[in-house]
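All chains are named by letter (A, B, ...) in the order of the sequence lines, taking the proteins before the strands, and each is independently numbered beginning at 1.
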Number of protein chains: 2
Amino acid sequence: MARVTLQTIADRLGVSRATVSYAFSRPDQLSDGLRRRILEVADELGYAGPNPTARSLRLGRAGALGMIFSETLAYAFADPYAVGFFQGLATAAEDAGVGLCILPLPHGDRRSETVRDAVVDSFCVMSLPDGHPALAEVFARKLPVVMVDEPYVPGHPFVGTDEPTAAATAARHVLELGHRRVGVAMVGLHDDGYTGWASQERQESALFEAMRRRRGGYQRAFEEAGVDWSGVPFYEVARNTRAAGKKAGHALLGCDPRPTAILTNTDVLALGVLDAASDLGLDVPGELSVVGFSDSAAEDAGLTTIRQAKREMGEATGRLLLSGAAAKPERLIFPHELIVRTSTAPPPRSPRR
Amino acid sequence: MARVTLQTIADRLGVSRATVSYAFSRPDQLSDGLRRRILEVADELGYAGPNPTARSLRLGRAGALGMIFSETLAYAFADPYAVGFFQGLATAAEDAGVGLCILPLPHGDRRSETVRDAVVDSFCVMSLPDGHPALAEVFARKLPVVMVDEPYVPGHPFVGTDEPTAAATAARHVLELGHRRVGVAMVGLHDDGYTGWASQERQESALFEAMRRRRGGYQRAFEEAGVDWSGVPFYEVARNTRAAGKKAGHALLGCDPRPTAILTNTDVLALGVLDAASDLGLDVPGELSVVGFSDSAAEDAGLTTIRQAKREMGEATGRLLLSGAAAKPERLIFPHELIVRTSTAPPPRSPRR
DNA sequence: ACATCCTCCTTAATCAATTAAGAGCTTAAT
DNA sequence: ATTAAGCTCTTAATTGATTAAGGAGGATGT
């Protein structure tokens with residue numbers, strides 16, 4: 001059972017390959033009779049239709065948008081922020097009738113040429129650390145690229161959030177409620193798998209730009225409020241999971257004096273902190289205030305958080321890529337919003353020890 | 001700025017195209033000196049590397065797995081069950097170093113040739129109604145296909161759940177607790193946008209096979225317990241959202257006599273039913289028991305549900321497709337499990353009116 | 001001195017289509 | 001009758017690579 005191509009059908013009918021091609025893609029170029037006969041024979045021979053790869057090559061378009069993510073794909077799909085973004089991106093792809101191709105990057109010792117070999121027309125790069133090798137591979141492809149959240153590469157379009165301001169808004173919220181002993185739990189600063197207390201130096205040298213800037217926003221708000229940042233307990237976790245959040249929560253709540261508020265840079269982490277508070281029998285928000293980030297899992301838990309326009313960001317990224325506008329180095333900063341729910345309140349008058 | 005191809009570089013250096021190709025893909029075939037010179041010139045000319053589409057054509061492999069979903073992509077990404085499945089599928093794709101290409105289907109009056117033109121090596125088809133035109137387009141491609149949840153097409157590999165048994169398990173749980181006035185809320189039976197009470201005939205003629213079978217499981221369990229199915233209030237909603245679940249909850253809880261338990265075919269719907277119960281000031285599980293399905297959003301809410309191995313199903317599907325085993329018509333039925341949490345209890349002794 | 005073996009590179013076939021331009025032939029208009 | 005216009009189909013160039021087989025030249029073995 002040899003491969004069936006246009007040529008096979010052409011030979012069988014004694015017509016030219018071009019004629020068979022027209023039968024499939026330009027019905028107006030052929031008489032109805034011949035066209036019918038061609039389609040009949042195609043069916044008979046089990047022809048699978050014009051080969052998409054050959055078509056792509058000839059037409060110079062792949063019909064797909066490539067998406068690159070720094071983490072493993074399992075991790076990406078477990079992150080509500082990323083999934084929300086995908087939703088928007090997928091909507092844009094759908095509207096344009098192109099596929100959304102999620103590309104795995106090599107992790108660990110695994111080699112992979114996915115970026116080099118991906119049959120796509122453009123790339124969306126999300127949360128890659130500054131010098132990640134995949135970034136160079138993407139640029140080498142000379143296709144339209146939009147960077148999301150990080151890294152910001154001058155001269156290339158960017159979609160993101162005003163991280164320092166958003167973080168400062170979250171911090172200011174608890175500071176204005178009167179909290180002075182505040183702990184911070186963050187994920188996504190480095191990719192070395194470290195979980196534990198983070199020194200000032202480690203904080204500032206964070207590999208991931210967006211989270212580094214977000215942290216900077218916290219610090220600025222604290223300093224503006226006259227709170228010494230070096231006294232702020234700062235716990236870093238390696239994975240954005242509820243369990244990691246719980247661990248951070250226990251660490252922070254074990255400090256003496258105990259914080260009356262905890263800031264986290266994801267909602268998932270914040271939920272874990274709530275778990276820790278619950279373990280210790282602490283009333284939230286009576287004895288402890290907790291703030292999340294990105295409003296991705298926050299509603300049910302009554303979490304105060306910073307809402308980000310995930311879907312809109314995804315859609316905008318898609319449109320930028322699909323409209324060809326990605327040639328211009330636009331920089332779209334999407335608005336954020338503080339959503340105050342029931343996880344934050346003024347600190348207790350006389351803190352329980 | 002004309003296109004730079006292997007040939008451009010070859011011409012510039014006065015070598016053959018093949019030599020340049022070897023410089024990129026088979027370093028051992030070339031002297032180091034020439035290879036270096038080739039790469040240098042390539043860089044100089046701004047060559048983007050061997051064209052992936054041409055490569056794909058020549059090598060006969062696309063390096064991507066196509067995924068098809070009956071709903072809009074925004075909807076798919078909003079469904080925790082689907083996202084869980086994606087997680088597993090993506091993991092398998094990642095391990096194999098291939099991309100995961102999510103293909104939009106035409107919706108409404110939109111035309112689209114995405115299935116016909118998708119540059120992929122295989123297809124994963126999830127939850128397509130029996131006669132959906134995309135299914136024929138997929139088969140026409142003559143590539144490996146795995147069907148997930150539905151439709152089951154004899155002779156093709158299938159990955160899914162024992163729907164009738166799983167549903168019967170959920171139903172039996174409340175029946176064994178002593179409930180006799182039970183309501184049912186389901187989504188995903190038809191795709192005509194209908195929301196409201198569903199007649200027996202409408203139930204049985206459901207377009208989507210998996211949900212049709214799931215419903216059959218409920219009915220069987222009721223009949224085995226001696227409960228007349230025709231007296232069971234059955235509310236159907238068009239979309240798998242919390243708001244829709246709430247609407248269904250209000251409808252069902254407005255029945256006289258009021259149900260003491262409600263079965264839903266998704267956790268999202270169940271959360272909505274809990275919202276409705278809360279609106280009415282009903283105690284769960286004291287006055288109302290609620291059961292979800294798929295354990296996708298259930299833990300925090302304490303929802304009793306049927307756990308499905310979403311991730312494992314996705315991974316198995318991926319492996320089937322990527323190992324070439326999809327040629328054999330395997331039928332993988334994954335186990336389910338009743339998870340009893342705090343949303344179910346025996347019915348109240350003397351029901352409040 | 002001759003055969004043999006490498007190393008390095010070229011030739012040419014192949015992958016499977018699309019499409020502008022042109023060639024016959026028929027039909028219609030003048 | 002003649003010219004122009006329409007249909008329908010073919011020719012041939014093009015898209016950008018990969019790779020088996022072969023050739024030229026130098027090094028090695030006997």
Visitor: Are the charged groups of A:Glu40 and A:Arg36 less than 4.0 angstrom apart, N to O?
Guide: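 Salt bridge flag = no for A:Arg36 with A:Glu40.
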Visitor: Hey, do the aromatic rings of A:Phe69 and A:Tyr75 have their centres closer than 6.0 Å?
Guide: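 No, too far apart.
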Visitor: Could you pull out the closest heavy-atom pair between A:Leu321 and A:Ser122, with the gap in Å?
Guide: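 So the two residues come closest at CG-OG, 3.5 Å.
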Visitor: What is the ring orientation for A:Phe86 with B:Phe77, classed by angle as parallel under 30°, tilted 30 to 60°, or perpendicular over 60°?
Guide: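 The rings of A:Phe86 and B:Phe77 sit tilted, inter-plane angle from 30° to 60°.
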Visitor: Going by number, which of residues 30-46 of chain A have a non-hydrogen atom under 4.0 Å from DNA chain D?
Guide: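 Listed by number, they are A:Leu30, A:Ser31, A:Leu34.
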Visitor: Would you call B:Arg141-B:Glu137 a salt bridge at under 4.0 Å N-O?
Guide: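 Result for this pair is no, no salt bridge flagged.
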Visitor: So, the side chain of A:Glu94 versus the backbone of B:Leu73: is there a donor-acceptor pair under 3.5 Å, distance only?
Guide: yes
Visitor: Heavy atoms under 4.0 Å is the rule here; annotate nucleotides 11-24 of chain C 5' to 3' with B where the base is hit, S where only the sugar-phosphate is, and - elsewhere.
Guide: B-BBBBBBBB----
Visitor: Are A:Phe24 and A:Tyr47 an aromatic pair, judged by ring center distance below 6.0 Å?
Guide: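 Yes.
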